[in-house]
Amino acid sequence: MIQTSLLAPAIARDVLDHALALGADFAELFVERKRRSQISLLSSQIENISGGLDFGIGVRLCYGHKVLYGYTNLADRSELLRIVSLLAAKDRRDPVVTATAFDFTRLTDHHPIALPLSTDKLLEQKIAYLHAMDAAARSESDKLSQFSANALGWEQEVEIFNSEGVQVGDRRHYNRIMAQAIAAQGSEQTMGYEAPGALMGWEHAASIAPRELALTATRQALVKLGAAPCPSGKLPVIMESGFGGVIFHEACGHLLETTSVAKKASVFHDKMGQLIANPAVSAVDEGLQGNAWGSINVDDEGMATQHTQLIKDGVLTGFLVDRMGALKTGHARTGSGRRESYRFAPASRMRNTFIEAGNHSLADMLATVEHGIYARKMGGGSVQPGTGEFNFNVQEAYLIEHGKITRPLKSATLIGTGPQVLKEISMVGRDLALAAGMCGSVSGSVPTSVGQPALKVDNILVGGNA
């Protein structure tokens with residue numbers, strides 16, 4: 001946690017009081033200092049080593065439901081006062097309150113780290129790690145035509161001041177290792193990819209054997225060489241734990257953010273308390289899980305993070321609510337106000353979003369499928385905002401025949417809508433797992449975790465080339 005202020009509280013008080021004196025209902029300063037580091041390997045050589053330091057302050061004024069936002073790189077009283085005056089120029093009105101007293105809040109740090117970016121000799125360790133991955137991948141098969149890897153980390157310090165007296169800080173360390181393997185056989189070329197991440201220092205990578213990570217990506221690429229064409233049509237699909245949760249995140253999670261709910265742009269905006277999924281489905285968004293990639297101690301509006309039940313036994317029980325979403329919808333805030341940096345105003349965003357564990361085994365689910373698809377690893381896709389209509393490719397897929405996983409498949413695509421898929425999930429496994437990703441929305445790109453246990457979708461449209 002931050003022990004000293006990134007901005008002098010006296011300056012913050014003067015700036016916020018100036019905003020209130022111009023009639024703003026609410027004013028906020030988001031102060032950020034971010035240090036980045038990245039090392040890239042390609043063709044067995046270190047291709048790039050880069051890093052940087054960024055500092056800035058975001059200024060937000062609210063007049064009713066209207067939000068005015070600006071930012072600067074200067075922690076200067078006159079500059080911040082100037083920005084407030086410019087923002088308020090068209091909305092200036094008689095003030096209601098003109099005094100701010102801060103109550104500095106020190107929250108419990110749920111995400112301790114051991115090896116921050118500033119650790120001595122970290123560069124050498126990262127380079128050695130990437131070379132070890134490359135050597136392991138290339139020794140696995142002569143069909144491997146290319147291997148690339150990245151070690152990415154950043155340390156983000158934030159401090160939030162607002163006109164309600166909040167002064168709170170947080171320090172977040174992110175570490176992510178990416179491995180990509182390309183295999184070739186004749187004219188066919190396939191790709192495998194793995195990228196674990198955590199809200200940790202370099203100790204996260206140190207806990208994962210470089211050979212293990214490299215071979216996970218390599219195996220994905222190799223298994224698809226010579227894979228059979230995927231069948232098409234409506235089929236049962238079993239999705240493996242972990243990154244399979246990307247479908248829930250994209251096709252359903254965004255529809256539960258007040259960013260869309262407040263505008264009635266979500267099909268779920270008026271479904272609170274109603275059955276929207278199979279009773280086998282319960283889903284959560286939370287930021288408390290220790291060192292998880294999408295976790296935070298405090299959101300970017302200064303509220304402590306929490307556990308938010310979205311769906312319980314198929315019933316819609318919660319939305320993801322930021323300050324402005326609460327004002328527009330009447331739902332209580334959930335500590336979900338997030339932003340990429342000081343350049344963005346906050347919005348309701350996901351943290352660690354997942355379908356909760358059930359009581360079935362993978363064998364239980366397979367036994368119910370005569371002919372279907374096993375989606376071991378999901379890939380990318382596209383989603384239609386508002387309706388949750390999606391189109392996702394399966395990065396690693398297999399045919400299920402008579403209750404058994406048989407041959408690998410290529411070019412598998414899952415097509416449907418979030419509301420439809422929720423109703424088709426009939427079995428949920430015990431093996432909950434999370435996977436790291438970056439989520440883009442109106443407030444920029446933020447680290448989020450997706451997740452689920454293995455689960456069975458009874459009926460979904462599969463696009464293939466068989």
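Positions are given from 1, in the same order as the sequence printed here.
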- Item | Spacing of Ile182 atom CD1 and Leu144 atom CG [to the nearest 0.5 Å] | 8.5 Å
- Item | Pairs where residues 349-374 contributes a residue and the test salt bridge (Lys or Arg N to Asp or Glu O under 4.0 Å) is met, not counting sequence neighbours | Asp285-Arg351
- Message: Checking the side chain of Asp54 only, and the main-chain atoms of Lys34 only, is there a donor and an acceptor separated by less than 3.5 Å?
- Response: no
- Got a donor-acceptor contact below 3.5 angstrom from the Asn291 side chain to the Leu199 backbone? yes
- Note on the structure: The ring-ring contact (aromatic ring centres under 6.0 Å, His included) partners of Phe147 (sequence neighbours excluded) come to none
- Item | Pair Asn391-Ser382, side chain to side chain donor-acceptor pair (under 3.5 Å): steps then yes or no | CA-CA 5 Å; Asn391 183 313; Ser382 60; 5.3 Å; no
- Message: Taking the six-membered ring of Tyr398 as reference, does the cationic atom of Arg407 (NZ for Lys, CZ for Arg) lie under 6.0 Å from its centre and within 45° of its axis?
- Response: no
- Are Thr406 and Glu401 close enough, and set up right, to give a side chain to side chain donor-acceptor pair (under 3.5 Å), and what steps lead you there? CA-CA 7 Å; Thr406 58; Glu401 298 176 289; 2.9 Å; yes
- Message: Strictly by salt bridge (Lys or Arg N to Asp or Glu O under 4.0 Å), give each pair with a member in residues 252-264 just once, sequence neighbours left out.
- Response: none
- Between Gln274 (side chain) and Met272 (backbone), is there a donor-acceptor pair under 3.5 Å? no
- Query: Where the side chain of His269 meets the backbone of Ser266, is there a donor-acceptor pair that is under 3.5 Å apart?
  - Reply: yes
- Message: When you compare the side chain of Asn459 with that of Pro236, does any pair of heavy atoms fall below 4.5 Å?
- Response: no
- Would you say Asn278's side chain and Ala280's backbone share a donor-acceptor pair under 3.5 angstrom? yes
- Message: Which residues pass the ring-ring contact (aromatic ring centres under 6.0 Å, His included) test with His173, not counting sequence neighbours?
- Response: none
- Item | Phe354 side chain near Val450 side chain, heavy-atom distance below 4.5 Å | no
- Could you walk me through whether Gln384 and Phe390 pass side-chain contact (heavy atoms from CB on, under 4.5 Å), step by step? CA-CA 6 Å; Gln384 180 65 38; Phe390 64 79; over 6 Å; no
- May I ask you to test the Leu310-Leu320 pair for a side-chain heavy-atom distance under 4.5 Å? yes
- Step-by-step side-chain contact (heavy atoms from CB on, under 4.5 Å) determination, Leu41 to His131: CA-CA 8 Å; Leu41 176 145; His131 278 302; 3.7 Å; yes
- Item | Pairing residues for His110 by the ring-ring contact (aromatic ring centres under 6.0 Å, His included) criterion, not counting sequence neighbours | none
- Message: Would Arg60 pass as a cation-pi partner of Phe26, given that its NZ or CZ must be under 6.0 Å from the six-membered ring centre and within 45 degrees of the axis?
- Response: no
- Query: How far does CD1 of Ile113 sit from NE2 of His204, to the nearest 0.5 angstrom?
  - Reply: 13.5 Å
- Sub-3.5 Å donor-acceptor pair from the side chain of Gln45 to the main-chain atoms of Glu47, do we have one? no
- Message: Using only atom types and a distance under 3.5 Å, with no angle test, would you say the side chain of Glu32 pairs donor to acceptor with the backbone of Tyr342?
- Response: yes
- Please assess Thr259 against Ser348 for the test side chain to side chain donor-acceptor pair (under 3.5 Å), listing each intermediate value before the final yes or no. CA-CA 6 Å; Thr259 305; Ser348 57; 2.7 Å; yes
- Non-hydrogen side-chain atoms of Val462 and Val237 separated by less than 4.5 Å: yes
- Query: Backbone N or O of Gly294 within a donor-acceptor pair of the Asn352 side chain at under 3.5 Å?
  - Reply: yes
- Please test Glu157 against Arg171 for salt bridge (Lys or Arg N to Asp or Glu O under 4.0 Å), starting from the C-alpha separation and ending with a verdict. CA-CA 4 Å; Glu157 286 182 88; Arg171 178 180 281 118; 2.9 Å; yes
- Is Arg430 close to Pro453 at the side-chain level, that is, under 4.5 Å between some pair of heavy atoms? no
- Query: What is the distance from atom CG of Asn175 to atom CG of Leu152, rounded to the nearest 0.5 Å?
  - Reply: 8.0 Å
- Whether over 12 other heavy atoms sit under 6.0 Å from Lys423 NZ: no
- Message: Looking at Thr190 and Lys224, would you say the former's side chain and the latter's main chain have a donor-acceptor pair under 3.5 Å?
- Response: no
- Query: What do the steps show when you test Ser443 against Arg338 for side chain to side chain donor-acceptor pair (under 3.5 Å), and what is the final call?
  - Reply: CA-CA 7 Å; Ser443 60; Arg338 304 189 67 193; over 6 Å; no
- Message: Quick check: do Ser336 and Met350 have side-chain heavy atoms less than 4.5 Å from each other?
- Response: no
- Query: Is it true that the NZ or CZ of Arg176 lies under 6.0 Å from the centre of Trp293's six-membered ring and within 45 degrees of the ring axis?
  - Reply: yes
- Query: To the nearest 0.5 Å, what is the distance between NZ (Lys126) and CG (Leu117)?
  - Reply: 5.5 Å
- Looking at side-chain heavy atoms only, is the closest gap between Thr413 and Val394 below 4.5 Å? no
- Measure the CZ-CE distance between Phe392 and Met239 for me, rounded to the nearest 0.5 Å. 9.5 Å
- Task: Test side-chain contact (heavy atoms from CB on, under 4.5 Å) on Ile460 and Gln420 and set out the steps.
- Result: CA-CA 9 Å; Ile460 189 170; Gln420 172 196 21; 5.8 Å; no
- Task: Dump the intermediate steps for salt bridge (Lys or Arg N to Asp or Glu O under 4.0 Å) on Glu301 and Arg339, then the final yes or no.
- Result: CA-CA 9 Å; Glu301 296 184 308; Arg339 56 182 121 195; over 6 Å; no
- So Thr218 and Gln220, side-chain contact (heavy atoms from CB on, under 4.5 Å) or not? Walk me through it. CA-CA 5 Å; Thr218 303; Gln220 288 177 17; over 6 Å; no
- Query: Taking the side chain from Asp25 and the backbone from Gly64, do they hold a donor-acceptor pair closer than 3.5 Å?
  - Reply: yes
- Any ion pair linking Asp322 and Arg333 (charged N to carboxylate O, less than 4.0 Å)? no
- What closest approach, in Å, do Ser148 and Leu42 show between heavy atoms, and which atom pair accounts for it? CB-CD1, 3.8 Å
- Heavy-atom neighbours of Tyr71 OH exceed 12 at 6.0 Å: no
- Message: Which residues pass the ring-ring contact (aromatic ring centres under 6.0 Å, His included) test with Trp202, not counting sequence neighbours?
- Response: Tyr129
- Message: For a quick check under 3.5 Å, do Glu286 and Thr308 share a side-chain donor-acceptor pair by atom type?
- Response: no
- Note on the structure: dist Lys328:NZ -> Arg323:CZ (nearest 0.5 Å) comes out at 13.5 Å
- Query: Is the shortest side-chain N to carboxylate O distance from Arg36 to Glu155 below 4.0 Å?
  - Reply: no
- Message: My understanding is that only one of Asp299, Asp300, Asp109 makes a salt bridge (Lys or Arg N to Asp or Glu O under 4.0 Å) with Arg172; could you say which?
- Response: Asp300
- Any Lys/Arg nitrogen of Glu396 or Arg219 sitting under 4.0 Å from an Asp/Glu carboxylate oxygen of the other? yes
- Query: Does the side chain of Lys66 reach to within under 4.5 Å of the side chain of Asp91, using non-hydrogen atoms?
  - Reply: yes
